[in-house]
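Just the heavy atoms: all of them, side chains too, but no hydrogens, waters or symmetry mates, feed the values below.
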Amino acid sequence: MNKKIVYLFYLVILILFCSNVSQPGIYNAGGTAFTMLFPQDSLSYKKVQMQEEAIYIQLYKGFAAVKGKYKMVNTTSEKLHFTMGYPINGIYNGGEGDLNQVQLDSLYKFKIKANGKELPINEMQIGDSGHVRTFQNENWLTWFVDFNPNENKEIEVYFLVNTNDGGITKGYSKDNKNAFIYLLESGSVWKQPIEKGTFSIELKDGLKVEDIAGISSHFNFKVNETENILIGSKTNFSPTPKDNLIVTYGETIPNFDFLKVTVKFDNLFNEIDIFSKQLNIETLQSFKTKNPYEVKTDFWSFLPGLIIVLVIATPFLIIIFVVFIVVKLLRKRK
């Protein structure tokens with residue numbers, strides 16, 4: 001009976017300390033996805049190719065302004081009509097070994113243009129949207145797109161995201177950082193491959209290149225440290241979760257008011273337009289990236305693991321101690 005109580009005690013201790021280990025990854029990041037939406041439009045999947053995409057990101061303390069510019073091509077002799085969408089709020093859980101959780105919690109002042117003309121946007125309640133069922137939400141901004149046979153279209157999107165609530169978890173360690181994720185994997189619905197992708201990042205609000213805690217390494221980023229600009233690229237790729245762009249930077253701002261930021265969206269979109277048109281890529285140097293999933297470790301992060309080892313090792317140490325005492329007593333009697 002006593003042995004059962006002892007084993008039960010050890011089991012409770014193990015459960016208490018093991019149960020707090022979160023899946024490693026990035027939580028509550030600001031980010032987005034750009035995708036076809038409805039299953040009934042599935043016949044249009046793989047007929048439109050995203051030949052080129054250029055993503056411009058300005059990172060501020062607590063938020064980011066984003067502009068996406070896409071060259072889309074109808075690769076068929078058919079006229080195509082389909083609906084596209086952007087989630088207003090919800091959570092996206094993606095990634096592979098490490099979790100990428102994107103928290104979508106605002107309208108973000110989203111707007112879209114096709115060949116320079118702004119498109120009307122509808123707000124819709126959608127249940128299971130089929131292809132994008134990994135988004136745990138029902139509220140979407142949607143718009144209608146049509147392509148003439150073999151037509152090229154230039155699509156431009158603008159939006160703001162809250163990056164202030166990001167958290168990076170690994171084992172028992174956690175860092176609170178600004179976090180931004182651009183979900184390239186949502187581009188897998190298009191006809192593959194994406195021939196060219198460029199990704200330009202400018203640090204604003206007094207942020208410097210050294211304020212970047214981590215950034216995805218597979219974009220081969222180059223840096224202009226004087227201008228605090230990073231530029232990366234990919235060619236001929238079919239996006240998977242491994243291709244997502246992840247940036248962690250700066251520090252969390254207490255009581256950050258993101259809605260107050262969104263009021264200035266016109267100025268912020270003008271700023272990013274200027275950035276996208278006057279980008280200087282002639283004075284770039286190689287940039288050593290850091291793993292965005294890494295977190296700082298301290299004594300407290302090792303303590304739970306140490307306790308688990310001690311709990312497991314204690315019975316064996318007791319047995320060894322008892323054997324040692326018994327052997328010592330027997331030698332004294334002799």
- Item | With Gln49 via side-chain contact (heavy atoms from CB on, under 4.5 Å) - residues at least two apart | Gln51, Thr75, Lys191, Pro193, Glu195

- Query: Taking the six-membered ring for Trp, are Trp190 and Tyr70 ring centroids under 6.0 Å apart?
  - Reply: no

- Item | Close side-chain approach of Val261 and Asn162, heavy atoms under 4.5 Å | no

- Listed by chain and number, what are the side-chain contact (heavy atoms from CB on, under 4.5 Å) partners of Glu78, not counting sequence neighbours? Lys47, Thr76, Leu80

- Mind checking what makes ring-ring contact (aromatic ring centres under 6.0 Å, His included) contact with Phe221, not counting sequence neighbours? Phe219

- Message: When you compare the side chain of Leu245 with that of Ile57, does any pair of heavy atoms fall below 4.5 Å?
- Response: yes

- Task: Please confirm whether Lys153 makes a cation-pi placement over Phe147, using NZ or CZ under 6.0 Å from the six-membered ring centre and within 45° of the ring normal.
- Result: yes

- Would you say the side chain of Phe110 lies within less than 4.5 Å of the side chain of Val157, judging by non-hydrogen atoms? yes

- Query: By ring-ring contact (aromatic ring centres under 6.0 Å, His included), which residues pair with Phe275, not counting sequence neighbours?
  - Reply: none

- Query: side chain to side chain contact (heavy atoms under 4.5 Å, CB included) between His81 and Phe144: does it pass, once the steps are laid out?
  - Reply: CA-CA 7 Å; His81 311 266; Phe144 181 77; 3.4 Å; yes

- Query: Any side-chain heavy-atom pair from Asn178 and Lys61 closer than 4.5 angstrom?
  - Reply: no

- Give the C-alpha distance, both sets of side-chain angles, the deciding distance and a yes or no for salt bridge (Lys or Arg N to Asp or Glu O under 4.0 Å) between Glu251 and Lys177. CA-CA 5 Å; Glu251 301 295 335; Lys177 298 284 184 185; 3.0 Å; yes

- Return the set of residues passing ring-ring contact (aromatic ring centres under 6.0 Å, His included) with Phe265 (not counting sequence neighbours), or none when no residue passes. Phe269

- Message: Taking side-chain hydrogen bond (donor to acceptor under 3.5 Å, both in side chains) as the cut-off, I'd like each qualifying pair that reaches into residues 209-227, sequence neighbours left out, listed once.
- Response: Asn224-Thr283

